[in-house]
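Below is one structure; the comments refer to it alone.
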Amino acid sequence: MCGIVGYVGPRDATPIILNGLKRLEYRGYDSAGVAVINGDQIEVRRDAGKLSQLIDHVSKSPLKGAPGIGHTRWATHGAPSARNAHPHVGNSGKIVVVHNGIVENFLELKEELTSEGMTFNSETDTETIVQLAEHIKAGGSSLEDAARKTFNQIEGANVVVLMSTDEPDKIVTARIGNAGGVVIGLGDNENFIASDIPAILEHTRKVIFLESRQMAIVTRDSVRVETLDGREVKPEIHTIAWDAVSAEKGEYRHFMQKEIHEQVRALTDTLAGRVDFQEGRIRLPELNLTPQIAKRIKRIYITACGTAAYAGMVGKYLIEKIARVPVEVVIASEFRYSDPIIDKNTVVLAISQSGETADTLAAMEEGRRKGAIIWSIVNAIGSQAMRVADGYISMQTGPEVGVASTKAFTAPLADQYMLAILLADLRGTLDEETRKSLVADLRLVPDLAGRVLDTDAEIEKVAQVLKDIQHCLYLGRGINMPIAYEGALKLKEISYIHAEGYPAGEMKHGPIALIDEQMPVLCIAPKDPWHEKMISQIQQAKARGGIVIAIATEGDELIKDMVDHILWVPQAPWMLSPIITVLPLQLLAYHIAAIRGLDVDQPRNLAKSVTVE
C-alpha cells in the first residue's frame with residue numbers, strides 16, 4: 001500500500017514530497033506521482049515505473065506550489081501506468097486525491113456516479129473517491145464536510161488524502177479501518193502528512209498518529225482531529241527519538257508489534273497488481289506459468305521450515321480444493337533425505353521469508369536435480385530462493401525485523417490462494433462464476449484483518465489473565481489446523497511457554513490426558529465447515545476442567561456461553577479464514593511475552609534467517 005507524503009506550508013512542496021517518497025521506496029511500488037496547488041490550478045506529474053522516472057519528468061516539466069501531495073503506488077485496480085498512477089483529479093479539476101487501500105464498494109459507487117454524469121479517466125478504485133467528493137462538494141459543502149461524507153460512504157480499510165483549489169491552505173486526511181498508518185508531522189508554520197515516519201523525519205520529530213475512523217484537517221498553522229462522525233478529538237503528540245531504530249518503530253514498543261499491525265498494508269500490497277477485480281482474474285507474471293505448464297502439473301511439493309511450513313499446510317488445502325492438484329507438504333530439512341518421487345510434471349514450491357534458508361535452498365536444489373519445476377514465495381527481493389527458481393511470487397510485505405514472523409506468514413496465505421485460482425483457471429477446472437466469486441472475496445481481506453487488529457486492547461486483557469501459564473494446547477481442524485500449529489509456535493518462540501498445536505480430532509488420542517485446570521486449551525473455532533466438530537472439542541475440554549480460550553466468529557453465542565475467554569474475529573470466507581484467525585494468536589503471544597518483560601524482537605537462541613543446516 002505504498003507511500004503517501006503531503007505538505008502544507010510556505011515552501012515549495014515538490015522537493016519535500018519527492019524526498020519523502022524516496023524514503024518510502026522500501027515499501028515497493030510500480031508508479032509514482034505528485035500534485036501541487038499553483039494559484040487556482042492543480043498541477044500533476046505522474047508516471048509508471050520508479051521514482052527516478054518521476055523525478056526526471058518533474059525536472060523536464062517543473063511544477064511549483066503548495067500545498068502538495070504525492071504517492072507511490074502498487075496497482076490494485078488497473079495496470080501500472082501513468083493513467084492509473086496517483087494522484088487523481090476530479091472532473092472539475094478542483095479536488096485531487098491520493099489513497100492507500102481497497103475501496104470494496106467501488107463498483108457500486110462508480111455505477112452511481114456514472115449515472116449522475118461523472119466520467120472516469122482511469123481503471124482505479126481510487127478515482128471513485130475524488131469523483132464522489134466532487135459530487136458532494138458541488139452541492140455547496142466545504143472540503144471538510146465533503147471529505148467526511150465521502151469517507152463515510154467508502155467501504156474497506158483505506159487511507160485517503162484530499163486537497164482542493166477552493167481551499168488552497170488545507171489538506172484533509174483520514175484513516176478508515178486499519179489500513180496502515182497516517183502520521184501528521186508538526187512543524188513551525190508548516191505541517192506534514194505521511195504514511196510512515198521516515199518520510200518526514202528530516203523536518204520534524206513531533207508527530208500525531210491517526211487512529212482508525214479518525215480524520216484530520218491540516219493547515220500550515222493548525223491540525224484538528226475528529227472522528228468520522230464529527231466529534232473532535234484531542235490527539236496525543238509523540239516526540240520521536242533521534243536514533244533510527246526508535247524512529248522506525250514509531251508508536252510501537254517492538255518491531256513485532258508494528259509488523260503485526262502492518263498486515264493490513266502488507267495484505268493490500270500482496271494483492272496489488274495481481275488481482276483484477278473487474279475481470280475476476282489473477283495475474284502472477286513472475287511465476288512464468290502458462291496453460292501448457294499448468295496442464296502438465298501432476299503433483300506439487302510445498303517445502304519450507306517453521307512458520308513458512310505452516311503457511312504451506314494452508315496452501316495444500318487451497319490448491320487441492322480450488323485447483324484439484326495433489327499437494328504434499330514436506331519440511332525442508334527432511335525433503336532431500338526422503339528421496340521424493342519427482343519428475344518433470346512435479347512442482348517444488350519453496351516458501352521462505354528471507355529466501356536464504358539453508359534447508360529450503362537444499363530442498364530446491366534436490367527438486368532441480370530431479371527435474372522438477374521450481375517455484376518460490378519469497379519476501380526478500382533478489383534472494384537466492386528467488387534467483388534460482390523458474391518462477392516466483394514476492395510477498396510484498398516490506399522488511400520484517402522481528403525474528404518471529406507475522407506479516408510474512410499471512411502474505412503467503414493470500415499468495416497461495418491466488419496461485420490456486422490461477423492454476424485452476426489455466427487448467428480449465430474452474431468455471432467463470434466460481435472464479436469471479438473467489439477473486440471477489442479477496443477484496444474483503446484487508447478490512448477483515450483491520451477489524452481484528454482493532455480488538456488489540458481486548459486481546460491484551462486476555463493476555464494479562466494468561467501471563468503466568470506454563471503450558472498451552474492449541475486445537476484446530478481442517479484449514480485452521482495449521483493455525484493451531486502456528487499459534488503454538490508463536491507462544492513458544494517469544495514467551496518461552498511450552499505449547500503444542502494439535503489436530504482437534506486427535507485430542508482423544510492422547511492430548512486429552514493433559515487437560516486439567518492447569519492446562520489452558522485454545523480452540524480455533526470460526527464458522528467454517530468444521531464448526532460443529534470444534535464445538536464438540538470445546539465441550540470435551542471443558543468436561544475435563546480445562547480453561548478454554550476460543551477464536552470465534554462475531555455473534556457466535558453458542559461458543560460464547562461455553563468458554564472462559566473469547567477472541568472474536570469477523571465472518572470471513574472459509575478458505576481465507578486462516579489469514580484472519582491467526583491475527584489474535586499473534587497478538588496474544590506478543591502481549592504475553594511483552595507483559596513478561598521478554599525480548600520480543602530477538603528471542604533467545606533464534607535467528608531471523610537460518611543459513612546453516
Side-chain angles (χ1 to χ4, degrees), residues 1-7 13-14 16-25 27-37 42-55 57-58 61 63 65 67-91 93-103 106 109-110 120-134 147 150-151 154 156-164 171-176 179-182 193-196 199 265 268-269 271-273 277 396 446:
M1 216 161 30
C2 324
I4 288 175
V5 181
Y7 172 75
T14 301
I16 295 169
I17 292 167
L18 292 176
N19 288 335
L21 291 176
K22 193 157 190 64
R23 295 176 185 274
L24 299 179
E25 280 195 291
R27 290 172 174 244
Y29 60 98
D30 52 35
S31 61
V34 60
V36 300
I37 293 179
I42 294 172
E43 291 197 45
V44 178
R45 304 287 184 272
R46 54 187 185 174
D47 210 341
K50 291 301 180 184
L51 192 60
S52 57
Q53 291 174 239
L54 176 65
I55 293 171
H57 186 17
V58 170
S61 177
L63 75 166
I69 53 179
H71 190 267
T72 50
R73 171 190 187 244
W74 272 126
T76 56
H77 297 71
S81 65
R83 175 174 171 242
N84 291 326
H86 298 202
H88 289 284
V89 181
N91 288 165
K94 292 186 175 182
I95 299 181
V96 62
V97 66
V98 294
H99 159 236
N100 284 345
I102 293 175
V103 180
F106 87 99
L109 290 173
K110 187 173 183 178
F120 284 76
N121 302 303
S122 76
E123 302 166 279
T124 68
D125 58 332
T126 303
E127 194 182 350
T128 61
I129 300 173
V130 70
Q131 302 289 24
L132 179 59
E134 280 204 345
T150 299
F151 300 151
I154 61 176
N158 295 279
V159 169
V160 184
V161 185
L162 293 163
M163 63 182 189
S164 170
I171 295 179
V172 179
T173 183
R175 180 181 180 184
I176 308 164
V182 181
I193 295 168
S195 51
D196 207 353
R265 176 187 62 77
T268 305
D269 287 357
L271 305 181
F277 289 111
Q396 313 282 60

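Numbers here simply count residues along the sequence, with the first being 1. Predicted model, so just to flag it, every value in this text is computed and none were measured.
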ask   = Can you check side-chain contact (heavy atoms from CB on, under 4.5 Å) on Ile69 and Val96, steps first, answer last?
value = CA-CA 9 Å; Ile69 53 179; Val96 62; 3.9 Å; yes

ask   = Does any non-hydrogen side-chain atom of His99 lie less than 4.5 Å from one of Asp125?
value = yes

query = Under the 3.5 angstrom rule, does the side chain of Gln53 hit a backbone N or O of Ala48 as a donor-acceptor pair?
reply = yes

Heavy-atom side-chain proximity of Asn91 to Asn121 below 4.5 angstrom = yes

inquiry  = What I'd like to find out is whether the side chain of Thr173 reaches to under 4.5 Å of the side chain of Leu162, using heavy atoms alone.
reply    = no

query = In Å and rounded to the nearest 0.5 Å, what is the CZ to OG1 distance from Phe120 to Thr128?
reply = 6.0 Å

request  = Indicate yes or no: at least one non-hydrogen side-chain atom of Val89 is less than 4.5 angstrom from one of Val130.
outcome  = no

Interatomic distance, Thr124 atom OG1 to His86 atom NE2 [nearest 0.5 angstrom] = 5.5 Å

message = Test side-chain contact (heavy atoms from CB on, under 4.5 Å) on Ile193 and Ile171; report intermediate values, then the result.
response = CA-CA 9 Å; Ile193 295 168; Ile171 295 179; 3.4 Å; yes

Nearest-0.5 Å distance, CG of residue Leu21 to CD1 of residue Ile4 = 9.5 Å

inquiry  = Please tell me whether Ser61 and Arg45 have a donor and an acceptor in their side chains that are separated by less than 3.5 angstrom.
reply    = yes

message = How close do Leu54 and Asp47 get, counting heavy atoms only, and between which atoms?
response = CD1-N, 4.4 Å

message = Looking only at side-chain N and O atoms, does His71 offer a donor or acceptor that is under 3.5 Å from a partner on Asn100?
response = yes

remark   = Across all chains, not counting sequence neighbours, the side chain to side chain donor-acceptor pair (under 3.5 Å) partners of Glu127 are Ser122, Gln131

request  = Would you check if Ser195 and Val159 make a side-chain contact, meaning some heavy-atom pair closer than 4.5 Å?
outcome  = no

message = Whether the side chain of Asn158 engages the backbone of Gly156 through a donor-acceptor N/O pair (distance < 3.5 Å, no angle test) should be reported.
response = yes

request  = Quick one: list whatever passes side chain to side chain donor-acceptor pair (under 3.5 Å) with Glu123, sequence neighbours left out.
outcome  = Asn84

task = Answer yes or no: is there a side-chain heavy-atom contact under 4.5 Å between Ile55 and Leu18?
result = yes

request  = Take Arg83 and His88, measure what side-chain contact (heavy atoms from CB on, under 4.5 Å) needs, and give me the verdict at the end.
outcome  = CA-CA 9 Å; Arg83 175 174 171 242; His88 289 284; over 6 Å; no

note = Separation between CD1 (Ile176) and CZ (Phe151), nearest 0.5 Å, reads 6.0 Å

ask   = Leu271 versus Ile102: any side-chain heavy-atom pair under 4.5 Å?
value = yes

Reported CD1-to-CD1 distance for the pair Ile42 and Ile95, which is rounded to 0.5 angstrom = 8.0 Å

query = What's the shortest heavy-atom distance between Ala35 and Val44, and which atoms?
reply = CB-CG2, 3.8 Å

inquiry  = Is it the case that atom NZ in Lys94 sees more than 12 heavy atoms from other parts of the structure closer than 6.0 Å?
reply    = no

key: Pair Ser31-Thr72, side-chain contact (heavy atoms from CB on, under 4.5 Å): steps then yes or no   = CA-CA 6 Å; Ser31 61; Thr72 50; over 6 Å; no

note = When every non-hydrogen atom of Ala13 is compared with those of Pro67, the smallest separation belongs to CB-C, 4.2 Å

inquiry  = Would the distance check show the side chain of Arg46 and the main-chain N or O of Pro87 forming a donor-acceptor pair, the cut-off being under 3.5 Å?
reply    = yes

ask   = Heavy-atom distance under 4.5 Å between the side chains of Val172 and Val161, does that happen here?
value = no

